[in-house]
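All ligand and atom numbering here is 1-based and tracks the order in the structure. Fair warning: this is a prediction, and the values are worked out from it, not measured in the lab. Sequence positions, counted from 1, serve as the residue numbers for this chain.
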Amino acid sequence: MLVRDRGPALRVVCDDGDAMSDQPAHRADLRIDLDAIRHNVSVLSGRASRSGARTMAIVKSDGYGHGALAVARAALRSGADSLGVASLGEALQLRAGGITAPVLCWLHAANDDFAPAVAADIDLAASTPTELERIIVAAEQRDRAARVHLKIDTGLCRNGCPPELWPALVEAAAKAEADGRIEAVAVWSHLACADEPGHPSIDRQAERFQRAYEQARAAGLTPIRHLANSAAVLTRPDLHFELVRPGIAVYGLDPVPQDGDHGLRPAMTFRSSVVATRRVPAGEGVSYGQTWTAPRPTTLALVPVGYADGVPRTLSGRMEVWLAGRRRRVVGRVCMDQLVVDCGDDEVREGDEVLLFGPGDRGEPTAAEWAEAIGTIHYEIVTGLYRPRVTRTVVAEEARGTAEGP
Ligand SMILES: *Cc1c(COP(=O)(O)O)cnc(C)c1O
């Protein structure tokens, strides 16, 4: 079926094959624009390939809240040739969804069993000699060489091998590779301040990274290197090496807007619709605490989304929505299930579409604007929104979309 919107007709198909309702009225819906994902991945992989690098699209945390499987498929069709996730469970879910491309996962729990990962041909990061040893045991169990990416901590002091353990890690990897237990695919690391171009830590990390790579080569390994997240893909072509790992930029959110317009398109639109309107006289207080009082007679529109649906309560008094042709203020407190929009004397009706945020094409707020208003980053806004009462609808110009219910 077709959902009409600004621009071309979009096709939306449910997972179970049922046609979606034509009604634009949604309680709370995340609309994911797969064409935007494809566009962003081709921008990013285009930059990478100019440096001779390949692209791993990062789809951790359910594709930053956009839907890991749909994003993964779109990314693999648009220039990415591998995928990255944090946890083993996320990696196995991609395999269960039919993804056959290389998938790397890097953040292991002490009780993660690597044997199913080796069997499913998942690339595994090793951050310590102990972790590598566990991977080798799993490879022996499955009688199959595990694909391992050796992670050096170059200054984030988080996940990754502490420098003092690195010689032991590369020696053990070289021995395991010689024994046919592993393939040491890569040496890699992660940047702390790539979103602050020119930050001195970036070059310092790059130097440590190069030294760690040379130690791996000296131990007899022939790995590729990967270091760049989205910000470094966009600002540091000299750090692309053989592979880049963009995450946030895949979703069209720019981690370095101060560097200029990179031509990314936000893929997520958060929509709802008006469930009731009412006229109130001047002097009426609105919502819990009556923190806002109508200064004149006005029409209020009730929108059935609140902080339980991911609208931060701290946006109370500081947010606008796009409704009936323009932006309007949300007044009073954001509640658990609802918020109230001041519409003045304009005509607003039940069922009217409300855009909480989107790419900004129609003048609606953006996820970056929400983040700015409450002192966080757009990453946190989009990853927190897919919740029990929120639906997610994946749309594309071609008939490849899926819709997911709560
Ligand atoms: C999340 C993550 C990325 C992607 O970072 P973005 O800033 O979203 O591009 C890359 N590598 C690692 C190890 C990560 O954890």
Side-chain angles (χ1 to χ4, degrees), residues 37 40-41 43-45 47-48 53-66 68 71-72 75 79-80 82-91 94 102-109 122-127 131 148-161 185-197 199 201-202 205-206 209 212 224-237 239-259 262 264 266-268 367-368 371 376-384:
I37 300 276
N40 299 329
V41 173
V43 167
L44 296 162
S45 60
R47 282 181 179 253
R54 303 166 83 116
T55 299
M56 170 185 288
I58 305 302
V59 298
K60 63 191 180 189
S61 190
D62 198 19
Y64 291 46
H66 294 64
V71 171
S82 62
L83 301 166
V85 289
S87 75
L88 192 49
E90 293 175 305
L94 291 172
V103 176
L104 170 67
C105 71
W106 59 79
L107 190 58
H108 311 309
I122 306 285
D123 288 21
L124 295 164
S127 285
E131 223 163 56
V148 176
H149 296 232
L150 302 167
K151 187 172 189 187
I152 175 75
D153 177 41
T154 53
L156 193 50
C157 290
R158 218 176 59 170
N159 181 227
C161 186
V185 177
V187 164
W188 70 297
S189 190
H190 194 40
L191 295 168
C193 305
D195 57 349
E196 296 174 56
H199 193 287
S201 70
I202 302 171
Q205 284 195 263
F209 184 60
I224 63 162
R225 290 162 292 176
H226 52 96
L227 178 65
N229 59 2
S230 297
V233 176
L234 295 170
T235 63
R236 292 293 302 256
L239 301 182
H240 286 179
F241 299 109
E242 289 77 43
L243 180 72
V244 298
R245 303 189 311 271
I248 196 72
V250 165
Y251 307 94
L253 301 175
D254 195 327
V256 276
Q258 69 274 35
D259 182 61
H262 299 108
L264 303 171
M268 180 185 283
T376 184
I377 51 176
H378 45 39
Y379 293 70
E380 186 182 4
I381 301 295
V382 294
T383 50

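Classified by interplanar angle (parallel below 30°, tilted 30° to 60°, perpendicular above 60°), the ring pair His149/His226 is perpendicular.
Of all atoms in ligand 1, listed by their number and element, those nearer than 4.0 Å to a heavy atom of Ile248 are 6 (P), 8 (O), 9 (O). Residue Tyr64 approaches ligand 1 through these ligand atoms, each under 4.0 Å from one of its heavy atoms: 1 (C), 4 (C), 5 (O), 6 (P), 8 (O).
Nearest protein heavy-atom neighbour of atom 7 (O) of ligand 1: Tyr379 OH, 2.6 Å. Atom 12 (C) of ligand 1 has His190 CE1, 3.4 Å as its closest protein atom, hydrogens excluded (heavy atom only). Taking atom 9 (O) of ligand 1 as the reference point, the nearest protein heavy-atom neighbour is Ser230 OG, 2.5 Å.
With no hydrogens or angles considered, a side-chain donor-acceptor pair links His190 and Arg245 at under 3.5 Å.
Polar contact check, Ala249 against ligand 1: no nitrogen or oxygen pair lies under 3.5 Å apart. Looking at ligand 1, you won't find any N or O of Lys151 less than 3.5 Å from one of its N or O atoms. Below 3.5 Å of separation, one finds no N or O of Trp188 facing any N or O of ligand 1.
Between the side chain of Thr55 and the backbone N or O of Ala80 there is no donor-acceptor pair closer than 3.5 Å. Judged by distance alone, with hydrogens and angles left aside, the side-chain atoms of Ser82 form no donor-acceptor pair with the main-chain N or O of Val103 at under 3.5 Å.
Less than 6.0 angstrom separates the ring centroid of Phe209 from the ring centroid of Phe241.
Rounded to the nearest 0.5 Å, atoms NE2 (His378) and CG (Asp254) are 6.5 Å apart. Atom-to-atom distance recorded for Ile224:CD1 and Glu242:CD is 6.0 Å, nearest 0.5 angstrom.
Of the candidates Met56, Arg245, Lys60, it is Lys60 that places a heavy atom closest to atom 15 (O) of ligand 1.
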